[in-house]
Participant: 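Questions regarding the structure given below will be posed in turn.
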There are 2 protein chains.
Amino acid sequence: MPTINDVAKRANVSPVTVSRVLNGAPNVNDMTRLRVNRAIAELGYVPNIVARSLRSRRTRSIALILPDITNPFWPTVARGVEDAAQRDGYTVLLCNSDENAQKQARYLEAVISQQVDGVLIAPANSDAANLAPLRDRAIPTVVIDRRVDGWDGDAVRGDSVGGAELLTRHLIELGHRRIAMLSGPATTSTSQDRFAGYQAALQRAGIPLDPDLVRFGEFRQGSGAEMTHAVLALQPAPTAIFAANNAIALGAIQAVGERGLQVPQDVALVCFDDVSPSAQLFPFLTVAEQPAYQMGLEAARLLFARLDEGDAHPPRLITLPVRMIVRYSCGSGRGESILSLPLPHTAVVAA
Amino acid sequence: MPTINDVAKRANVSPVTVSRVLNGAPNVNDMTRLRVNRAIAELGYVPNIVARSLRSRRTRSIALILPDITNPFWPTVARGVEDAAQRDGYTVLLCNSDENAQKQARYLEAVISQQVDGVLIAPANSDAANLAPLRDRAIPTVVIDRRVDGWDGDAVRGDSVGGAELLTRHLIELGHRRIAMLSGPATTSTSQDRFAGYQAALQRAGIPLDPDLVRFGEFRQGSGAEMTHAVLALQPAPTAIFAANNAIALGAIQAVGERGLQVPQDVALVCFDDVSPSAQLFPFLTVAEQPAYQMGLEAARLLFARLDEGDAHPPRLITLPVRMIVRYSCGSGRGESILSLPLPHTAVVAA
DNA sequence: GCGTATCATGAAAACGATTCCATTATAGGA
DNA sequence: TCCTATAATGGAATCGTTTTCATGATACGC
């Protein structure tokens with residue numbers, strides 16, 4: 001591979017001048033610039049970013065640490081981040097923490113080692129100690145989607161409390177009184193906030209909170225199914241379920257089916273976060289939709305601004321609005337449940 | 001940030017010895033190793049990968065260049081790659097070429113600049129010239145999912161011909177004679193191969209090929225919708241559609257609906273590649289499913305083997321089997337079409 | 001007891017760029 | 001004419017690690 005020195009020799013200049021051309025420095029003679037560019041083209045020279053980063057102490061790369069890439073919400077956030085990064089010439093390192101603080105710690109060490117210029121993270125839990133490696137090294141960081149106790153840096157999140165209140169109120173207005181709240185880990189702020197919104201809506205309607213109806217598990221389909229089985233076994237059973245995210249809702253649909261019941265005839269269902277776009281050919285779930293793409297976009301912008309300005313501005317918090325999309329699963333739509341159809345015949349044939 | 005020299009001083013050894021400990025070299029005294037490790041822990045030292053890569057000329061990173069991350073097929077491939085990479089301690093740089101040769105060229109330059117050790121690529125088209133930068137620099141490369149004319153390196157792909165033949169034969173067995181083939185760009189080998197399988201199945205059944213029924217467009221929903229409108233306007237219209245991938249199939253469903261028709265009552269539909277797992281709560285599409293995850297896994301393994309062995313082995317080609325999953329959209333399942341339901345009422349409410 | 005492995009360690013060079021500082025040439029102002 | 005500002009350029013140091021080579025110490029075989 002040709003280096004900057006090969007280019008320099010061929011263009012009869014010093015490596016310094018080549019570097020100037022590469023970086024668009026203003027004080028280079030036009031003729032020289034031409035010669036250098038010709039040499040670059042002739043050699044097929046591509047700058048070695050590793051060497052550049054070592055000397056310049058900036059890699060123009062950022063880390064994006066997400067809790068679960070199998071949930072379509074997060075890839076959507078990632079696309080927002082990537083689009084913003086592309087515009088500003090940054091590379092994104094995508095890491096999947098699996099909602100696991102230990103795995104997250106390993107990734108943090110890895111990206112610090114990679115010398116990323118900044119970090120976007122949706123932390124596995126709300127303990128600020130987990131972010132200590134970033135704080136200690138003064139690595140610019142934006143926290144996405146979740147609160148971290150005692151962390152006063154830049155952050156972007158959706159209005160979890162408002163969205164949860166909206167969904168719960170909608171169920172109440174449909175006449176439901178026994179509404180189960182199936183949530184993620186109690187240690188993540190989104191679980192806490194969505195529970196708070198649920199609680200607020202109940203209180204406003206004068207409905208007492210039944211602790212049996214509130215469950216904390218994981219933001220996964222399997223956990224959602226388990227929690228659903230648990231609450232549906234109660235006497236009396238809830239008539240509606242509020243799932244704290246889409247994966248839990250999918251688990252709820254599954255479990256409801258397993259019990260021979262139907263959504264929404266037997267159990268109404270609402271949840272946070274929309275499902276994958278391709279599932280929307282069959283619009284079904286009533287959801288509180290967070291602007292995932294915009295969340296990624298704004299978070300990245302916040303980070304890039306911070307990278308430019310340093311600590312000039314005080315920390316910024318962006319709270320994005322949440323909108324409710326009333327579809328089918330809450331029971332207020334017309335028509336009959338998709339799930340009431342006989343399940344189509346599925347056969348598998350190898351080639 | 002502490003460096004290897006800081007660790008060396010604190011442990012009273014030379015930086016060389018610290019490096020040896022870091023890299024698990026065998027000939028280091030146990031006591032020394034202990035002292036060094038203690039110093040590392042006390043300082044919270046994390047090696048600078050950038051500096052390491054510059055000197056060692058290996059970054060332990062690979063590039064994965066995909067044509068469309070919004071199609072769930074590719075993230076699934078990516079997960080396979082990432083899991084394999086994680087096991088071997090490699091970092092994956094994910095790039096989205098958007099099926100665009102120019103964008104792909106830019107990404108290639110970027111990842112060469114990043115000094116990746118190897119490249120996994122599903123090329124935007126079958127022209128080997130696009131991969132010249134990789135070949136010139138002798139960067140180990142594995143081609144995924146598609147053929148490249150005149151390229152004899154390592155490759156992993158699905159059995160496109162076999163899968164296409166399977167799907168087409170299934171439609172023929174259901175009695176269809178006018179089957180439209182809606183494909184991606186004619187310049188990608190998957191389009192070519194799936195067309196070849198389609199053609200073979202027709203020939204075997206003694207059905208003449210009607211060129212009007214064969215369309216090449218893009219692997220996108222919008223293109224699928226356009227092509228569907230075009231073939232459904234023919235006289236006589238086709239009674240079945242074979243979509244060359246899932247996105248085209250989604251476009252077909254959309255267009256069929258727009259014309260007031262139903263799948264599968266009015267038009268049967270089959271396609272290549274499954275849709276997102278969350279859509280499978282409502283199993284609908286009859287598909288030829290490629291083992292996407294395994295494709296990513298095998299491709300990464302092939303690359304890592306190549307990185308270890310150099311050119312010791314001749315190029316390897318892995319062809320993965322394709323299986324047909326017969327569901328609903330081809331018309332051979334029982335029950336009625338999901339799409340015959342009144343579309344549920346959808347309302348949007350802001351928080 | 002001598003030559004030869006083997007072990008443990010370090011000094012210095014190297015990787016390929018950028019940064020800092022110095023130098024030369026030219027133009028412009030007094 | 002002389003002084004200074006500006007433009008264009010290059011030499012040398014530098015970023016933090018690994019690699020290469022050298023060295024001293026200890027053990028081993030005969």
Side-chain angles (χ1 to χ4, degrees), chain A residues 1-37 39-40 43-61 89 91 109-117 137, chain B residues 1-37 39-40 43-61 89 91 109-117 137:
Chain A
M1 291 235 240
T3 73
I4 202 171
N5 289 296
D6 301 327
V7 176
K9 271 178 204 143
R10 182 174 258 262
N12 257 311
V13 295
S14 76
V16 180
T17 300
V18 178
S19 174
R20 288 202 180 95
V21 172
L22 251 28
N23 294 290
N27 47 350
V28 177
N29 185 283
D30 284 348
M31 281 302 292
T32 310
R33 189 184 303 275
L34 215 70
R35 281 214 316 286
V36 170
N37 279 325
I40 289 175
L43 290 173
Y45 166 76
V46 176
N48 183 326
I49 288 201
V50 172
R52 166 180 297 171
S53 302
L54 177 58
R55 179 61 244 232
S56 67
R57 313 179 70 79
R58 290 182 308 117
T59 54
R60 281 200 96 69
S61 66
T91 301
E109 185 172 318
V111 303
I112 288 170
S113 188
Q114 300 265 3
Q115 313 295 115
V116 294
D117 294 342
R137 290 174 177 76
Chain B
M1 289 232 242
T3 73
I4 201 172
N5 288 296
D6 301 327
V7 175
K9 271 178 204 142
R10 183 175 259 261
N12 257 311
V13 295
S14 77
V16 182
T17 302
V18 178
S19 174
R20 288 201 181 94
V21 172
L22 251 27
N23 295 289
N27 48 351
V28 176
N29 186 283
D30 283 347
M31 280 304 291
T32 310
R33 191 185 301 275
L34 215 69
R35 281 214 316 286
V36 170
N37 279 326
I40 288 175
L43 290 173
Y45 166 76
V46 176
N48 182 327
I49 288 202
V50 173
R52 165 180 297 171
S53 302
L54 177 60
R55 178 63 243 229
S56 66
R57 313 179 68 81
R58 290 183 308 117
T59 54
R60 282 200 95 71
S61 66
T91 300
E109 185 173 317
V111 302
I112 289 170
S113 189
Q114 298 266 2
Q115 313 295 114
V116 294
D117 293 343
R137 290 176 177 74

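A, B, ... follow the sequence lines: proteins, then strands. Residue 1 opens every chain. As the structure is a computational prediction, the values presented were derived from the model and not from experiment.
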Participant: Would the number of heavy atoms belonging to other residues, nucleotides or ligands and lying under 6.0 Å from CZ of B:R137 be above 12?
Facilitator: yes
Participant: Please table the atom pairs, donor to acceptor, closer than 3.5 Å between any side-chain atom in residues 13-24 of chain A and protein atoms at least two apart or in another chain.
Facilitator:
| unit_1 | atom_1 | unit_2 | atom_2 | d |
| --- | --- | --- | --- | --- |
| A:S14 | OG | A:V16 | N | 3.3 |
| A:S14 | OG | A:T17 | N | 3.4 |
| A:S19 | OG | A:N23 | ND2 | 3.4 |
| A:N23 | ND2 | A:S19 | O | 2.7 |

Participant: Do any N or O atoms from the side chain of A:S113 and from the backbone of B:P47 form a donor-acceptor pair under 3.5 angstrom?
Facilitator: yes
Participant: Reading DNA chain D in the 5' to 3' direction, which nucleotide is the first one with an atom under 4.0 Å from a heavy atom of chain A, and which is the last?
Facilitator: D:dA8 to D:dG16
Participant: Does C:dT9 have OP1 or OP2 under 4.0 Å away from a side-chain N or O of B:T17?
Facilitator: no
Participant: Apply side-chain contact (heavy atoms from CB on, under 4.5 Å) to residues B:L43 and B:V7 and explain how you reach the verdict.
Facilitator: CA-CA 7 Å; B:L43 290 173; B:V7 175; 3.9 Å; yes
Participant: What does B:S53 touch in the nucleic acid at a heavy-atom separation under 4.0 angstrom: a base, only the sugar-phosphate, or nothing?
Facilitator: nothing
Participant: Main chain of B:L34, side chain of B:N37: is a donor-acceptor contact present, judged purely on distance under 3.5 Å?
Facilitator: no
Participant: May I have the distance from A:N27 (atom CG) to C:dT23 (atom P), rounded to whole angstrom?
Facilitator: 18 Å
Participant: Tell me which of B:V18 and A:D30 sits closer to the 5' end of DNA chain D, going by the nucleotide each one is nearest to.
Facilitator: A:D30
Participant: Please list, pair by pair, any protein nitrogen or oxygen found under 3.5 Å from a nitrogen or oxygen in nucleotides 11-16 of chain C.
Facilitator:
| unit_1 | atom_1 | unit_2 | atom_2 | d |
| --- | --- | --- | --- | --- |
| C:dA14 | N3 | B:R55 | NH1 | 3.0 |
| C:dC15 | O3' | B:R57 | NH1 | 2.8 |
| C:dC15 | O2 | B:R55 | N | 3.3 |
| C:dG16 | OP1 | B:R57 | NH1 | 2.9 |
| C:dG16 | OP1 | B:R57 | NH2 | 3.2 |
| C:dG16 | N2 | A:A51 | O | 3.3 |

Participant: Let me see the working for B:I40 and B:V36 under side-chain contact (heavy atoms from CB on, under 4.5 Å), right down to the final yes or no.
Facilitator: CA-CA 6 Å; B:I40 288 175; B:V36 170; 4.0 Å; yes
Participant: Can you tell me the distance, in whole Å, between the CG atom of B:L34 and the C1' atom of C:dA8?
Facilitator: 16 Å
Participant: Check every strand shown and say whether A:V13 touches a base, only sugar-phosphate, or nothing at a heavy-atom separation below 4.0 Å.
Facilitator: sugar-phosphate
Participant: Could you state the interatomic distance from CE (B:M31) to CZ (B:R33), rounded to the nearest 0.5 Å?
Facilitator: 12.5 Å
Participant: So how far is it from A:S53 OG to B:N48 CG, rounded to the nearest 0.5 Å?
Facilitator: 9.5 Å
Participant: Send over the distance from B:N29 CG to C:dT6 P, rounded to a whole Å.
Facilitator: 19 Å
